[in-house]
Amino acid sequence: MHIEYLPMRWKSGDNYCYILSDDETKKSWLIDPAYPSEISSYLLNQNKTDVVAIVNTHHHYDHAGGNGELLRSLYPGVDVIAGKDSPHVNRIPKDGEILELGKNIKIKAIHTPCHTQDSICYYAEDQKTGQKGVFTGDTLFISGCGRFFEGDGAQMKAAFEKLLELPEDTKVYPGHEYTRSNVKFSKIVLGAKNEALNNLEEYCSKHEVTTGVFTIGDEKRFNPFARLFDPEVQRSTQETDPVKVMDKLRSMKNNL
Ligand SMILES: [Zn+2]
């Protein structure tokens, strides 16, 4: 499987659109293509890519706002796979449902309500090469977590638990490039001795793009929202109940 990232609204929203493609058939999903004007010239030059679905991680405009235009212009008649609140959605996968792409890719839809109630993460596995990746939208960011716009700490804790159950070598593809700012917060909460976090900070000082580089295993080590039982996190939040730790972390990040 091949995963291409296309930056959109760079330096303002730092959004990512992704093209997930099956190697053999070139059949592809276009994930969160919110700004067609920024990516259409690239897509038009990809004559080998056969887009079979537009896919959204959630209904926010900076993820789902391109669906109508892409259906009208480049991809009439393709499926729109998303949660219930996305424009033009015609296929709403159930939690845990397995979808197929091309010959070798199987994708599991993982419902993760909290940032929005219709948030879905997509875990893709190539049955032939063993490659694994998860598209986490605005639920899990590299060393961070989305805002709780339509949910609460209990829901985000449940969402993270589902994602952290995935194989450790699953690469993480979030909806935004927020890693640099997340690292600043994570340092405050996790302290200076977390080696994985120090390595991430070092990586960020040399690279602008961090998507598709780090894994679920890494998140368990350097993401405070994935470490609700870490004594450092509990000390920083002054809480021990994991739901309260989650809520406190998010409000501390909001007020940073
Ligand atoms: Zn969002």
Side-chain angles (χ1 to χ4, degrees), residues 3 5-20 29-39 53-70 80-89 91-93 95 107 109-124 133-160 162-163 172-182 185-186 209-212 214 219 223-226 246-247 249-256:
I3 297 168
Y5 68 86
L6 304 179
M8 301 173 299
R9 290 206 309 158
W10 213 240
K11 303 296 173 204
S12 57
D14 294 333
N15 285 76
Y16 282 121
C17 165
Y18 295 103
I19 308 172
L20 167 67
W29 275 12
L30 204 49
I31 302 174
D32 287 351
Y35 300 94
S37 63
E38 295 188 37
I39 57 175
I54 294 165
V55 180
N56 298 146
T57 57
H58 62 296
H59 70 83
H60 283 160
Y61 185 84
D62 62 329
H63 298 262
N67 294 1
E69 191 180 329
L70 286 167
V80 176
I81 300 171
K84 64 181 171 58
D85 297 324
S86 269
H88 303 281
V89 60
R91 192 164 176 197
I92 303 172
D95 186 29
I107 301 141
I110 303 171
H111 286 207
T112 53
C114 180
H115 176 72
T116 63
Q117 283 302 305
D118 74 342
S119 289
I120 300 177
C121 298
Y122 300 92
Y123 168 67
V134 62
F135 300 90
T136 56
D138 289 1
T139 295
L140 180 147
F141 296 120
I142 293 167
S143 193
C145 171
R147 286 177 186 260
F148 306 172
F149 284 125
E150 299 177 9
D152 56 23
Q155 281 196 319
M156 192 54 95
K157 175 178 169 282
F160 263 61
K162 283 174 160 183
L163 295 172
V172 175
Y173 297 86
H176 295 263
E177 180 58 58
Y178 287 164
T179 312
R180 213 160 272 103
S181 126
N182 289 339
F185 177 69
S186 299
V209 168
T210 62
T211 190
F214 298 95
E219 294 303 323
N223 189 331
F225 296 88
M246 180 59 97
D247 272 322
L249 280 174
R250 189 58 255 181
S251 64
M252 284 166 73
K253 177 79 163 67
N254 290 350
N255 296 319
L256 191 68

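All values reported here derive from a predicted model rather than from experimental measurement. Side-chain atoms are counted along with the backbone in the values below, which use heavy atoms only and exclude waters and symmetry mates. Whatever order the structure lists ligands and atoms in, that order sets their numbers, starting from 1.
Atom CZ of F185 sits in a crowded spot, with more than 12 heavy atoms from other residues, nucleotides or ligands closer than 6.0 Å.
Looking only at atom types and distance, the side chain of S119 has no donor-acceptor partner in the side chain of Q117 under 3.5 Å away. Between N56 and N67, the side chains place a donor N or O and an acceptor N or O closer than 3.5 Å (distance only, hydrogens not considered). Counted by atom type alone, T136 and Y122 present zero donor-acceptor pairs between their side chains at under 3.5 Å.
Near the Zn ion (ligand 1), less than 2.8 Å away, sit the protein N, O or S atoms H58 NE2, H60 ND1, H115 NE2, D138 OD2.
Side-chain rings of H63 and H176 approach one another, their centers coming within less than 6.0 Å.
Within the structure, salt bridge (Lys or Arg N to Asp or Glu O under 4.0 Å) contacts touching residues 53-67 (residues at least two apart or in different chains) are R9-D62.
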